[in-house]
2 protein chains.
Amino acid sequence: MGKKVDQTTEYIHHVVNIKNEEIRVMIEDLTSGGKMLRPAFFLLFSELGPEKKPDSELIPLAASLELLHVATLIHDDVIDDSPLRRSKTTIHTRYGKRNAIYAGDYLFTVYFELASRYLPEQKYVVLNALSMKKILTGELDQMLINYNVNATTKMYLTEVSGKTAELFSLSTMMGAVVSGGDQKLVNLAKNIGHDIGMSFQIIDDVLDFGNSKDTGKPNFEDLRNGVYSLPYILGLQAKDAELIEILSRNDLTNEEITNAAQIVVDKGYLAKAKEIALTYSNHALRRINKLPNKESRTILTKVVKKLMNRVD
Amino acid sequence: MGKKVDQTTEYIHHVVNIKNEEIRVMIEDLTSGGKMLRPAFFLLFSELGPEKKPDSELIPLAASLELLHVATLIHDDVIDDSPLRRSKTTIHTRYGKRNAIYAGDYLFTVYFELASRYLPEQKYVVLNALSMKKILTGELDQMLINYNVNATTKMYLTEVSGKTAELFSLSTMMGAVVSGGDQKLVNLAKNIGHDIGMSFQIIDDVLDFGNSKDTGKPNFEDLRNGVYSLPYILGLQAKDAELIEILSRNDLTNEEITNAAQIVVDKGYLAKAKEIALTYSNHALRRINKLPNKESRTILTKVVKKLMNRVD
């Protein structure tokens with residue numbers, strides 16, 4: 001599995017052959033040393049059905065999923081317009097907005113090319129397009145939540161279903177599809193991907209509050225950027241007057257941000273978010289147990305548990 | 001033909017059903033009252049082959065081409081970052097950068113969806129993806145020409161082949177494809193589209209110098225934005241010392257811009273550009289004469305002559 005993921009990274013660097021040196025280097029940077037979760041899930045699920053596709057078809061499709069992920073990441077970053085994310089300089093700050101917009105567009109076209117060239121049937125290309133649309137719509141939905149003290153858990157879950165879970169879901173589902181899986185397997189794969197994606201995003205939200213293995217101080221980047229992640233939204237949903245009062249102010253100071261985060265921790269909203277994340281992970285684990293192939297099942301269980309452990 | 005083009009505009013407004021009100025209005029604005037040249041060429045060529053596809057398939061494909069055009073237009077505009085273009089406020093100035101990036105991305109996904117859903121075979125979806133890539137690459141090539149006094153005609157023609165001509169070429173070619181045209185017809189369509197696109201862009205370049213029917217003063221927006229269009233490049237290619245000297249300066253004043261443009265007019269570079277545009281149009285007209293269907297031939301000849309007349 002690790003070998004195929006490395007081949008996917010190599011393939012990405014090979015396929016992004018673009019004259020513009022700056023943009024080429026930028027894309028190579030952004031596709032090196034990443035976790036490559038989406039290609040990995042795709043490759044794992046591609047071993048579940050009765051058919052065995054050659055690597056010459058699997059690797060490009062695995063690459064396409066990572067390219068779509070990186071493309072949305074790059075554009076998000078320009079749109080958010082924050083100079084820092086998780087204490088690192090953001091993409092558009094490092095490479096310039098102009099390059100970032102082009103690089104994202106270019107990766108969308110490479111994704112489109114690989115998906116249309118290597119998917120086994122045209123109807124799956126349509127499915128990919130619809131997924132891409134859901135991802136975009138999820139990102140638009142995020143604009144309705146940012147800086148909105150009336151945001152609800154329902155709005156949040158809809159947003160994350162698109163923004164994050166959809167691409168995980170597409171990855172696992174396309175894996176099952178290329179392996180010739182039947183409708184039952186394809187649906188199972190789709191649901192597992194969705195649950196993993198939901199859990200993954202919420203765990204990410206929780207990690208913004210710092211974790212026990214982390215020596216540095218948490219920065220509460222989400223709140224700083226006006227992103228209302230699940231722990232805050234649970235407080236807003238509970239009509240927490242103290243929290244609403246702080247979040248209703250403009251241009252929060254560092255102290256106000258720390259106070260808001262402290263409320264979220266003290267009143268158990270953070271713990272509740274963690275619980276929701278683990279519920280999704282456990283759903284995923286139960287469904288993974290129904291998968292046919294024993295080896296993939298073992299690896300998948302390990303991967304999901306490792307993702308869960310990040311907040312333990 | 002006019003009726004089908006109107007139906008295409010209606011279809012676009014129907015298909016862009018997005019919750020975000022601002023972005024929906026923005027896209028509706030940008031797809032109303034335009035010339036709809038690409039859908040029109042697609043529809044004309046869709047009448048040339050032996051098969052007659054229903055409007056329920058033709059209109060979405062015609063729409064997809066306009067959506068791809070508008071998507072690139074929106075992103076270009078953010079990238080160029082100029083507040084004015086052809087004396088009008090630019091898209092990102094009117095609607096905000098954030099909305100402009102999302103709107104472009106969203107239109108890319110709708111384009112991808114329509115192309116993958118309605119094209120008759122998967123290999124044509126791949127062709128569309130490759131075209132989209134060429135368009136993007138053409139735009140990147142433009143960055144190599146802007147503010148570059150060593151830019152050559154060859155660089156310019158490569159850039160415009162991608163940036164502008166590729167989408168015209170795709171439109172005419174896909175028209176021939178959906179009508180079940182043979183390889184000869186498809187190639188002919190492709191070449192006609194390419195020549196029309198080249199001519200169209202160069203005529204646009206020439207019009208930036210103002211034309212006789214125009215009462216307002218020309219603004220030389222291209223040069224003002226660092227865009228070296230063909231008339232300037234012909235001067236640079238001819239090693240015109242006077243022109244090179246001005247263009248080598250930074251932050252040109254209005255007077256310097258007018259002087260540079262005057263040189264381009266006086267030394268015949270503008271006339272030479274016009275001549276090149278007309279050569280492409282005449283190529284197109286000669287090839288149009290080889291088309292099978294008499295009615296489409298007559299309309300196409302009229303349209304191309306009308307485009308040529310803009311600089312006469």
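Quick note on labels: first sequence line is chain A, next is B, and so on, each numbered from 1.
- Expressed to the nearest 0.5 Å, how far CZ of B/Phe108 lies from CZ of A/Phe108 amounts to 8.0 Å.
- Taking 4.5 Å as the heavy-atom cut-off, none of the residues of residues 152-167 of chain A approach chain B.
- Here A/Tyr102 contributes atom OH and B/Asp76 contributes atom CG; the two are 4.5 Å apart, rounded to the nearest 0.5 Å.
- For a heavy-atom cut-off of 4.5 Å, chain A lies close to no residue in residues 51-64 of chain B.
- When the candidates B/Leu140, B/Ile101, B/Thr109 are compared by the number of heavy-atom contacts under 4.5 Å with chain A, B/Thr109 comes out ahead.
- When each of A/Val110, A/Thr72, A/Leu119, A/Asn99 is scored by its heavy-atom pairs under 4.5 Å with chain B, the top score falls to A/Leu119.
- Listed by sequence position, B/Ile18, B/Lys19, B/Asn20, B/Ile23 are the residues of residues 18-27 of chain B in contact with chain A, using a 4.5 angstrom heavy-atom cutoff.
- Most heavy-atom pairs under 4.5 Å with chain B, from the set A/Met143, A/Lys133, A/Met132: that is A/Lys133.
- Ranked by heavy-atom pairs under 4.5 Å with chain B, the first of A/Val125, A/Thr137, A/Asp105 is A/Asp105.
- Here side chain to side chain donor-acceptor pair (under 3.5 Å) pairs that include residues 116-127 of chain A, with residues two or more places apart or in two chains, are A/Glu113-A/Arg117.
- Aromatic ring orientation, A/Phe112 versus B/Phe112: tilted (interplanar angle from 30° to 60°).
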